[in-house]
Structure formats: structure tokens, C-alpha cells
Q: 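Before we start, here is the structure in question, set down as C-alpha cells.
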Amino acid sequence: MAIVFTKSANGEATCTCNSIRIHSAYNPSQEALRFVQSIKCDFEPGYIMMTGPGLSYTAVYIRKLFPCAKIVALHYAREFSVTEKLWDKSFYYTEGGIPLAEQIFSYMGEEGVVSCLFLSWKPSDDAFPEESRHCWKEIRSAVIKSRNVLATRSFFAKRWVKNAIRFSLFSGESCYFQKGNAPIVVCASGRSLKSSIPFIQKHRDRFFLIAVSSALLPLVTEGIIPDLCISCDGGYWAKRHISFTLRQHPEIPLALSSESAVFLSLLKDTTVVPLNYGDGISEAFMKEFNISATRAYRNGTVSGTAAQLALSLTSGAVYFCGLDLAPSKGFSHTQPNELERDDACRDNRLRTADSRIAPSNFSSPSLRIYQNWFATSSFGGRLYRLSDHFAFQNSLGEVRDVNWDFFLEHEQDGTALKPMRFSSTRKTDYKKRLELVKETIEKNLHTSEWISEAVPADYIVYQRSIGMQGEAEALKKLQADLQSFHKDILRSFSQGAQ
């Protein structure tokens with residue numbers, strides 16, 4: 001597709017594509033100014049994204065009209081990269097590689113996407129019809145993903161805060177690990193894990209072993225005791241994965257964010273490695289209670305958090321077993337699996353095991369999101385996917401697929417220093433902890449950070465409406481929902497020991 005650049009009548013650059021004029025032949029800047037003056041927006045955008053801006057004459061005027069917004073270009077062709085400096089960020093149409101929706105979401109985040117004003121330069125849409133359709137489809141995907149993430153945050157906000165309160169009130173012995181240089185093997189519960197179990201058993205002394213919650217039971221069943229288990233999910237099912245096994249093996253420390261779900265008895269009796277995301281409500285409790293926590297990173301899947309945690313605990317290589325992130329025939333997890341055991345008890349002639357596990361044969365939006373995260377992230381060349389010649393259905397970007405021959409060749413002597421464990425015990429009694437929880441809530445409840453986490457959807461709607469006609473109504477709803485959130489959290493104190 002040939003793009004022809006020429007001079008307009010006023011001496012500014014202009015161009016055509018397939019005989020379709022992208023900018024005025026007389027005065028491109030004046031044409032761009034008229035376009036920007038015609039923009040109508042009934043909210044205060046945090047981002048402005050323009051598709052097909054061509055030579056970007058609109059950028060200067062958009063920035064003047066929306067001085068507080070970040071302005072972003074989505075170009076249909078690389079020939080327009082000469083205008084990158086006019087934008088805060090530029091994306092490009094591509095047929096392959098990282099999906100545009102993931103690039104957009106990664107840059108803006110869910111709050112940024114839903115507060116973004118999307119614009120289109122019509123001449124470019126006519127000149128690049130296929131590119132335009134593809135880009136707007138990707139934008140739609142990014143918007144849908146952002147709305148889903150915000151809906152999840154809104155639904156789980158109270159549960160996460162209640163979990164953080166329980167953590168602050170009842171967690172006992174804690175520990176942390178000092179960084180080493182030995183290889184770390186992380187185990188997820190994908191079906192490929194089974195191929196690695198004999199090798200994990202044989203070479204157990206050569207590496208530090210981390211199990212995500214769903215992989216704990218398959219490992220322990222085979223007599224493999226991890227150095228660390230990690231659980232980051234705030235929902236009920238995550239704690240089912242670890243409850244029985246950790247009660248049988250209390251010597252295994254549990255890496256846990258304060259927002260994570262865990263049975264109270266386990267929280268009291270297990271040595272916890274507190275994980276701190278460094279933001280939001282859980283961060284406030286960590287600071288107020290002076291809890292020494294290990295830095296961690298939020299991720300949609302515990303495997304993502306585990307990968308980054310492992311990389312922070314060693315200067316050596318990290319090998320991930322069971323990281324399939326793909327549909328499978330039969331069980332989607334290596335057996336035994338705690339949830340599968342629970343579900344199997346309810347199988348009958350009308351609800352058979354085959355019909356129950358059939359959905360694992362098909363891909364899901366969650367799997368695609370997790371796969372895309374690994375495929376689009378950089379791990380400094382230190383993260384590998386390890387199996388015994390398992391035929392994976394996907395690739396994970398720079399995460400190289402290797403087998404145990406590779407591991408043994410590169411990690412020969414087993415004498416490297418593994419992360420070293422240090423423990424501590426909290427001595428503050430329950431009553432003092434309870435008073436500190438109440439003080440922390442009262443002190444932070446009306447800060448913008450807590451409001452955005454407690455009622456994220458309301459907060460975004462309000463931010464979008466500042467200075468607009470619906471500001472008062474949005475503020476009223478935000479305050480009402482925040483008050484309801486506060487009351488519900490206070491009621492949870494009486495249930496704290498349950």
C-alpha cells in the first residue's frame with residue numbers, strides 16, 4: 001500500500017494513500033483545528049486516543065483542548081512514526097505479535113481505558129479500511145476487558161478488605177527469605193507438571209521449590225515438600241487448595257497477600273510470608289501494623305505473581321513447571337486436585353464427570369489473558385518453561401520452553417546458595433490489634449486511594465464527571481456507596497473470629 005507524501009498549498013506536508021487524500025491539499029493544520037473544535041466530550045478524559053492521525057496535525061490542538069490528558073496515537077502505518085514525538089504514546093497496527101488490545105490495556109490500565117476518549121481521523125479510515133476495522137476491534141476488546149476487571153474489583157472489594165482485616169488481627173508467625181543465586185523451580189498445576197514430577201523427586205536438592213496453591217497437593221502426594229507455597233486469590237476456592245495439605249504439613253511456609261483468602265485456623269498456625277503489593281488498603285494495614293513484608297506484584301493469575309516473586313528471590317534462573325495456560329482433554333490440572341475431589345463427590349448419572357470436565361477442552365477468556373500476559377512480559381531472559389518434552393499448545397513470548405536435559409546441563413553442581421529463611425513472631429494482643437484496625441480505617445477511609453479501591457466504578461464515574469453536569473449526582477452515589485462499604489466492614493469485626 002503506497003503512501004505518497006507531497007507539499008500542500010501552504011507548504012505543509014500532506015499525503016495520499018491509494019489516491020485517497022489523508023490531509024488537506026491546501027491547509028492541513030487548519031483542517032485539523034476544525035476537527036478538534038468539533039469534538040464533544042461530556043466527561044473529563046484521562047486519556048485521548050486517536051486512530052489513524054496520519055501526520056498528526058491534530059496532536060497540538062488536542063493537547064491544548066485537553067491539557068491534563070495523556071494523548072495517544074494509534075497509527076495504521078509505520079510511515080507515520082516520524083510524528084511520534086507529538087504524542088505521549090504511539091501504537092501501530094500489526095498483523096501479528098502482541099495483540100493491540102493487550103498493548104493498550106497494559107499502557108492505560110483498566111481505569112485509564114474506561115476514562116479514555118477515543119477519536120478517529122475519518123480520511124485514514126477510508127484509506128486503510130482493513131486496518132481501521134482491526135484496530136477498532138482491538139479497542140473494543142480492551143474496553144470490554146477493562147470493564148470486566150473493574151466489575152471484578154467492585155464485586156470483591158469488600159471481601160479483600162475483610163481478608164486484610166483478618167490477616168492483621170490473627171496472623172501469627174511470619175518469615176521472609178533472603179535472596180540467593182540458586183535456581184528456583186516454580187510449579188503450577190497444568191497437566192505438563194506430571195511429566196516433571198520424577199525429575200523434581202530425583203533432583204530435589206538442586207533447587208529452591210515454590211508451589212502455587214493448586215500444585216501443592218500433587219507435589220505432596222508424591223512426597224515432594226516445597227520450600228514455599230504461594231496463594232494470592234481472595235476467593236473461597238483458593239483456600240480450599242491449601243487448607244487440608246498445609247494442615248498436614250505445617251512446616252511449609254505460605255506466601256500470602258493480606259487480601260488473600262485463608263481459613264482462620266490456618267492463618268493462626270501457619271508460618272506466613274506476608275506479600276505486599278505496595279498500594280491500596282492492604283498497604284495501609286501493613287504499614288500501621290509494622291509488618292515486614294516481601295514485595296510482590298499484582299497479577300490476574302497466581303502464576304504471574306509467583307514468577308515475579310521467584311525472580312526477586314534469586315539472581316539465577318527460574319524454571320516454571322505446569323505452566324500450560326491452554327485447554328486440555330480431560331482434567332485441566334494435574335491430579336490429585338482438591339477441587340476435583342470435592343466436585344467428584346457430587347457426580348451422578350445426570351451430572352457425570354465427563355460433562356463436568358468438558359469445559360476444560362475449550363479455551364477461555366481468562367486463559368487467553370494469562371497467556372498474553374506471559375507472552376508480552378519481559379523476564380530478563382531468566383524465566384523458562386520446564387517439562388519432560390511436553391508438547392505445549394502455545395508459546396509464551398520470551399519464556400523459552402526447555403526440558404530437564406537443559407536444566408541439568410546448566411545447573412550442574414547444586415552448590416549455589418538457596419534463599420535463606422528468617423522468622424519472626426508478632427506479640428501484640430488481639431484487643432490492641434482490633435483498635436489499630438479501627439484507627440487505620442477511620443484515618444484512611446476518605447483518601448482517594450482507599451475510595452478508588454473500595455468503590456472503583458463509582459470513583460471513576462465521579463472523576464469523569466468533575467466539572468460536568470452530572471458531577472453532583474455522581475458524588476452523591478459515591479458517598480452513599482462508600483458509607484455502605486464502611487458499615488459493612490465495621491460489621492465484619494464481630495465476625496472476625498469465624
Side-chain angles (χ1 to χ4, degrees), residues 3-77 79-93 100 104 107-108 111-140 142-143 146 460-471 474:
I3 301 175
V4 179
F5 295 92
T6 58
K7 291 287 186 179
S8 65
N10 72 343
E12 294 178 329
T14 186
C15 62
T16 60
C17 179
N18 289 346
S19 301
I20 297 175
R21 186 166 293 283
I22 296 176
H23 297 289
S24 168
Y26 300 98
N27 192 329
S29 291
Q30 187 64 31
E31 177 189 40
L33 175 60
R34 287 196 299 269
F35 171 84
V36 173
Q37 288 174 337
S38 70
I39 294 174
K40 290 182 173 59
C41 183
D42 59 359
F43 65 95
E44 185 65 31
Y47 291 85
I48 312 285
M49 172 175 274
M50 186 165 192
T51 60
L55 291 170
S56 301
Y57 288 106
T58 54
V60 174
Y61 303 114
I62 291 174
R63 196 179 295 279
K64 288 181 180 179
L65 185 61
F66 300 101
C68 296
K70 290 186 177 295
I71 62 170
V72 181
L74 204 172
H75 292 291
Y76 295 150
E79 285 84 344
F80 299 114
S81 62
V82 294
T83 67
E84 273 193 0
K85 64 182 180 180
L86 297 174
W87 304 90
D88 293 309
K89 175 70 175 178
S90 292
F91 296 99
Y92 293 89
Y93 165 83
L100 271 172
I104 294 168
Y107 175 68
M108 296 185 187
E111 295 184 14
V113 172
V114 299
S115 66
C116 181
L117 173 64
F118 294 96
L119 304 172
S120 177
W121 187 248
K122 185 63 168 58
S124 289
D125 292 341
D126 295 336
F128 300 88
E130 291 184 14
E131 290 83 349
S132 175
R133 282 193 294 271
H134 173 81
C135 289
W136 280 97
K137 181 180 178 182
E138 292 295 300
I139 289 172
R140 181 176 182 272
V143 170
S146 298
I460 291 173
V461 170
Y462 171 67
Q463 289 295 314
R464 285 169 51 118
S465 66
I466 293 176
M468 304 295 174
Q469 186 174 357
E471 179 181 354

Q: Should the heavy atoms of other residues, nucleotides or ligands under 6.0 Å from CZ of Phe5 be counted, would the total exceed 12?
A: yes
Q: What is the minimum heavy-atom distance between Ser465 and Ala474, and which atoms define it?
A: OG-CB, 3.4 Å
Q: Taking the side chain as every heavy atom from C-beta outward, state whether Lys137 and Arg133 have any atom pair closer than 4.5 Å.
A: no
Q: If I compare all heavy atoms of Leu86 with all of Leu55, which pair ends up nearest, and what's the gap?
A: CD1-O, 4.5 Å
Q: Is any side-chain heavy atom of Asp126 closer than 4.5 Å to a side-chain heavy atom of Ser132?
A: no
Q: Under 3.5 Å, is there a donor on one side chain and an acceptor on the other for Gln463 and Ser115?
A: no
Q: Please examine the side chains of Lys70 and Lys89, heavy atoms only from C-beta on, and report whether any two atoms are closer than 4.5 Å.
A: no
Q: Does a side-chain heavy-atom distance below 4.5 Å link Tyr61 with Leu65?
A: no
Q: Is there side-chain contact between Phe80 and Ile22, with heavy atoms separated by less than 4.5 Å?
A: yes
Q: To check you understand the geometry: which heavy-atom pair defines the closest contact between Thr14 and Ser8, and what is its length?
A: CG2-N, 3.9 Å
Q: Classify the ring geometry of Phe128 against Tyr76: parallel below 30°, tilted from 30° to 60°, perpendicular beyond 60°.
A: tilted
Q: How long is the span from the CZ atom in Arg34 to the OG atom in Ser24, to the nearest 0.5 Å?
A: 7.0 Å
Q: For a quick test of reading the model, state the closest non-hydrogen atom pair linking Pro45 to Cys41 and the distance between them.
A: CD-SG, 4.0 Å
Q: Between Asn10 (side chain) and Glu12 (backbone), is there a donor-acceptor pair under 3.5 Å?
A: yes
Q: Can you find a pair of side-chain heavy atoms, one from Phe91 and one from His75, that are under 4.5 Å apart?
A: no
Q: Side-chain contact, heavy-atom cut-off 4.5 Å: Phe66 with Ile71?
A: no
Q: How long is the span from the CG atom in Leu117 to the NZ atom in Lys40, to the nearest 0.5 Å?
A: 12.5 Å
Q: Any donor and acceptor pair, going by atom type alone, linking the side chain of Asp88 with main-chain N or O of Val72 inside 3.5 Å?
A: no
Q: Is there a donor-acceptor contact under 3.5 Å from the side chain of Glu131 to the main chain of Tyr93?
A: no
Q: Are Trp121 and Thr58 linked by a side-chain donor-acceptor pair shorter than 3.5 Å?
A: no
Q: Show, in sequence, the C-alpha distance, side-chain angles and deciding distance for Leu74 and Ile139, and conclude whether the side chain to side chain contact (heavy atoms under 4.5 Å, CB included) test is met.
A: CA-CA 10 Å; Leu74 204 172; Ile139 289 172; 4.1 Å; yes
Q: How close do Met50 and Ser120 get, heavy atom to heavy atom, and via which atoms?
A: CE-C, 4.2 Å
Q: Please assess Met108 against Met49 for the test side chain to side chain contact (heavy atoms under 4.5 Å, CB included), listing each intermediate value before the final yes or no.
A: CA-CA 11 Å; Met108 296 185 187; Met49 172 175 274; 3.9 Å; yes
Q: Identify the heavy atoms of Ser124 and Gly52 that sit nearest to each other, and give their distance.
A: OG-O, 2.6 Å
Q: Is there a side-chain contact between Trp136 and Phe118 (heavy atoms, below 4.5 Å)?
A: yes
Q: The test is side chain to side chain contact (heavy atoms under 4.5 Å, CB included); show your working for Phe43 and Val461 and say whether it passes.
A: CA-CA 9 Å; Phe43 65 95; Val461 170; over 6 Å; no
